[in-house]
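See structure below.
Because only heavy atoms are used, hydrogens play no part in the values below, and waters and symmetry mates are left out as well, while side chains stay in. Chain A is the first sequence line, chain B the second, and so forth, proteins listed ahead of strands; every chain is numbered from 1.
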Protein chains: 2
Amino acid sequence: MENQTITIYDVAREASVSMATVSRVVNGNPNVKPATRKKVLDVIDRLDYRPNAVARGLASKKTTTVGVIIPDVSNVYFSSLARGIDDVATMYKYNIILANSDGSDEKEVNVLNTLLAKQVDGIIFMGHHITDAIRGEFSRSKTPVVLAGSIDPDKQVGSVNIDYKEATAEAVSVLAANNHEKIAFISGSLLDPINGQERLAGYKQGLKDNKLSYNEGLVFETNFNYKTGYGLTDRLLNTGATAAYIADDELAVGVMNGLLDQGIKVPEDFEIITSNNTLITEMARPQLSSISQPLYDIGAVSMRLLTKLMNKEEVEEKTIILPHGLAKKGSTK
Amino acid sequence: MENQTITIYDVAREASVSMATVSRVVNGNPNVKPATRKKVLDVIDRLDYRPNAVARGLASKKTTTVGVIIPDVSNVYFSSLARGIDDVATMYKYNIILANSDGSDEKEVNVLNTLLAKQVDGIIFMGHHITDAIRGEFSRSKTPVVLAGSIDPDKQVGSVNIDYKEATAEAVSVLAANNHEKIAFISGSLLDPINGQERLAGYKQGLKDNKLSYNEGLVFETNFNYKTGYGLTDRLLNTGATAAYIADDELAVGVMNGLLDQGIKVPEDFEIITSNNTLITEMARPQLSSISQPLYDIGAVSMRLLTKLMNKEEVEEKTIILPHGLAKKGSTK
DNA sequence: CTGAAAGCGCTAACAC
DNA sequence: GTGTTAGCGCTTTCAG
């Protein structure tokens, strides 16, 4: 009972053609007479032959798989991007090797290296910041890279994002329009460009646009976690803030629930605008007003851009900015 | 400016040894004199040599990658499993090819085939039911398979789950203890064994244990979606139900919010127990009481089981049942 | 402890 | 249109 794997050679023999011909029909090469094509196809069917993608990869130097480096798949923000990435990948016949990095600089480098060792045709990177180590690896290898929902001030590689600065400024303006004087800014590490540069700049811009002054005491540098948000209540109230822009939905629900549990009414006593408009903004009560961004599309467009890069097509602009919006719901008046 | 990829052969030449020796040091084979090992390592470092995993895969017939078939990564239930899978995979030096199936029978088969073509060493399958087509592919290939959080009545392949029947019966008993006469059962397709067999059986068992009679009118077959749950309110109330067991968290929040928005108080007028105890049960107000299951662990244990199978180790029991619990929160009295 | 040599299964010129 | 022939980069006997 040998379970001999059947190869292209077996098919060639059975069909009395050369392996080159078999390869041609398998790859849809038109230079094959219909009759022989049919003959080969029949044998393939009879023998239940399946091309070995690994051998093909070695011979052609293309694996039709791309690496996706993600901080944490179980986080809705990232898994939404991942879904968009995979759908477009499938559309273009690519597969995805998904690797969690936990946002750890060290893991990111490790993971990137094993992905490269596996000869992926391209890489999609999601992360809060690009370390020099990662940047070095990126430029050292000629494998195309696209950042999805991640900012690299250097703009050396492709990227797809929304205009975080503008979106944040708008959110702050909405809050300011309701006569709040003290609007808090609650985000993750300010060392991450998306927070420390984009969003913070947008916050300052928003304040300025509404003749409000910037006060460092209203800036909260924390992490994107429900419990963290929930625990922030006292510190937040102590600043005298009556509204807040929050950079993450889970964090925002935490903050809101913390306020509610202390008897603070949202939006009557405190207004909140969050950033990702994920499903949880709808599940929360009151529903959370939010910047809306096309998460699925950011992933999808990233992958589409990557296919072009892998295909060495001309790309007019590899720093893509997608449109955003503002969904007013129950946490603003 | 040739960017010639540097191969094991280059290293061998530079280090004045054979490629066999280089291969040995790269693979940690102990049969190498320390001195030569060092010499080789130095050259590897100097040349910045990186083994080509594809070539290695072809020669060794092992790719150190496993395929993961998932209905939808952007669903927290599945992405939590995926996280457990990836962590253990990384621990054992495997990578994950992640493929979304949308729960479509056809896509599942396609995806399975491309995964097999890519010579994955093993497969983790998540899905609501196992079609004959899939079962056929599973038995045809000798690639080991493990089901994660998915039931196959046939038990031909490995699987990791909790005891859904028992857990559901317990949930129903908790509800019954609060003197509800009409307890609804709200789940997904009853054609899926996990719902139609396990959970429904548990529901009936729970009713029986509490001397309540089964009434088909209280069984809701729907899908796991927030909006669907939200839209269920009228039909649900019309049955006269005053409590419900719900098979999915998003669905449960939908149902609850629908009730709340019609002025029904939870848990005073209506009690709810949901099934997955994901983070959203905590974010909801009131918080949702839930069966608790170790999602991350189900993924992790699945992957661990798969490593054993791939390694041809003896496995005492390949149908693994993990413990569950019941977390009482705000949606029950 | 080390080297030689034969593949792994397929693609890609290059002839005919 | 179709066949021949080299490899792709590495692992793995088998000698020695």
Counterpart residues, side chain to side chain contact (heavy atoms under 4.5 Å, CB included), relative to B/Ser302 (two or more places apart):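 Scan of B/Ser302 (side chain to side chain contact (heavy atoms under 4.5 Å, CB included), adjacent residues dropped) gives B/Ile124, B/Val146, B/Ala148, B/Val160, B/Ile298.
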Minimum heavy-atom separation for [X] and [Y], please, with both atom names.
{"X": "B/Asp121", "Y": "B/Thr63", "result": "OD1-N, 3.0 Å"}
{"X": "A/Leu112", "Y": "A/Ile123", "result": "CD1-CD1, 3.1 Å"}
{"X": "B/Ile134", "Y": "B/Phe125", "result": "CD1-CE1, 4.2 Å"}
{"X": "B/Pro294", "Y": "B/Ile162", "result": "CD-CG2, 3.9 Å"}
{"X": "A/Tyr49", "Y": "A/Thr7", "result": "CE1-C, 3.6 Å"}
{"X": "A/Thr64", "Y": "B/Lys118", "result": "O-NZ, 2.7 Å"}

Boundaries of the chain A footprint along DNA chain D (any atom under 4.0 Å from a heavy atom):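 Contacts span D/dG1 to D/dG9, reading 5' to 3'.
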Side chains of [X] and [Y]: is there a donor and an acceptor less than 3.5 Å apart?
{"X": "A/Asp105", "Y": "A/His129", "answer": "yes"}
{"X": "A/Asn110", "Y": "A/Thr114", "answer": "no"}
{"X": "B/Ser104", "Y": "B/Asp102", "answer": "no"}
{"X": "B/Asn27", "Y": "B/Ser23", "answer": "yes"}

Inter-axis angle, terminal five-pair segments of the helix from C/dC1-D/dG16 to C/dC16-D/dG1 [nearest 10°]: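 Between the axes fitted at each end of the helix from C/dC1-D/dG16 to C/dC16-D/dG1 lies an angle of 30°.
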Residues which pass ring-ring contact (aromatic ring centres under 6.0 Å, His included) with B/His128, listed by chain and number, not counting sequence neighbours: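 B/Phe78.
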Partners passing ring-ring contact (aromatic ring centres under 6.0 Å, His included) against B/Phe224 (at least two apart in sequence or in another chain):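 Per chain and number, B/Phe224 pairs via ring-ring contact (aromatic ring centres under 6.0 Å, His included) with no residue.
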B/Met19 or A/Ala53, whichever maps to the more 5' nucleotide of DNA chain C: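 Comparing both residues, the 5'-ward one is B/Met19.
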Close approaches to DNA chain C from residues 58-65 of chain A, in residue order (heavy atom, under 4.0 Å):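 A/Ala59, A/Ser60 - these, ordered by number, are the residues of the stretch whose heavy atoms sit under 4.0 Å from the strand.
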Near-strand residues of residues 24-34 of chain B, defined as heavy-atom separation under 4.0 angstrom from DNA chain C: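 When residues 24-34 of chain B is checked for heavy atoms under 4.0 Å from DNA chain C, the hits, listed by number, are B/Arg24, B/Asn31, B/Val32, B/Lys33.
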Sugar-phosphate, base or nothing in reach of B/Thr7, heavy atoms under 4.0 Å: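 The answer is sugar-phosphate, as B/Thr7 gets under 4.0 Å only of primed atoms, P, OP1 or OP2.
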In a table with atom names and distances, give each donor-acceptor pair under 3.5 Å that connects a side chain of residues 305-313 of chain B to protein atoms at least two apart or in another chain.
residue	atom	partner	partner atom	Å
B/Thr307	OG1	B/Arg304	O	2.5
B/Thr307	OG1	B/Arg304	NH1	2.6
B/Asn311	ND2	B/Glu313	OE2	3.0

Side chains of residues 28-36 of chain A: which donor-acceptor partners sit under 3.5 Å, not counting sequence neighbours?
residue	atom	partner	partner atom	Å
A/Asn29	OD1	A/Asn31	N	2.8
A/Thr36	OG1	A/Lys33	N	3.4
A/Thr36	OG1	A/Lys33	O	2.6

Summary of salt bridge (Lys or Arg N to Asp or Glu O under 4.0 Å) pairs that have at least one residue in residues 36-55 of chain A, sequence neighbours excluded: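 Listed once each, the pairs are A/Glu14-A/Arg46, A/Lys38-A/Asp42, A/Asp48-B/Arg140, A/Arg50-B/Glu137.
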Contacting residues from residues 89-97 of chain B, given that a heavy atom lies under 4.0 angstrom of DNA chain D: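 Here the set is empty: none.
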Span of DNA chain C, from the first to the last nucleotide whose atoms fall under 4.0 Å of chain B heavy atoms: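 Reading along DNA chain C, I get C/dC1 to C/dG9.
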Inter-residue atom distance A/Asp10.CG - A/Ile44.CD1, 0.5 Å rounding: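 A/Asp10 atom CG to A/Ile44 atom CD1 measures 11.5 Å (nearest 0.5 Å).
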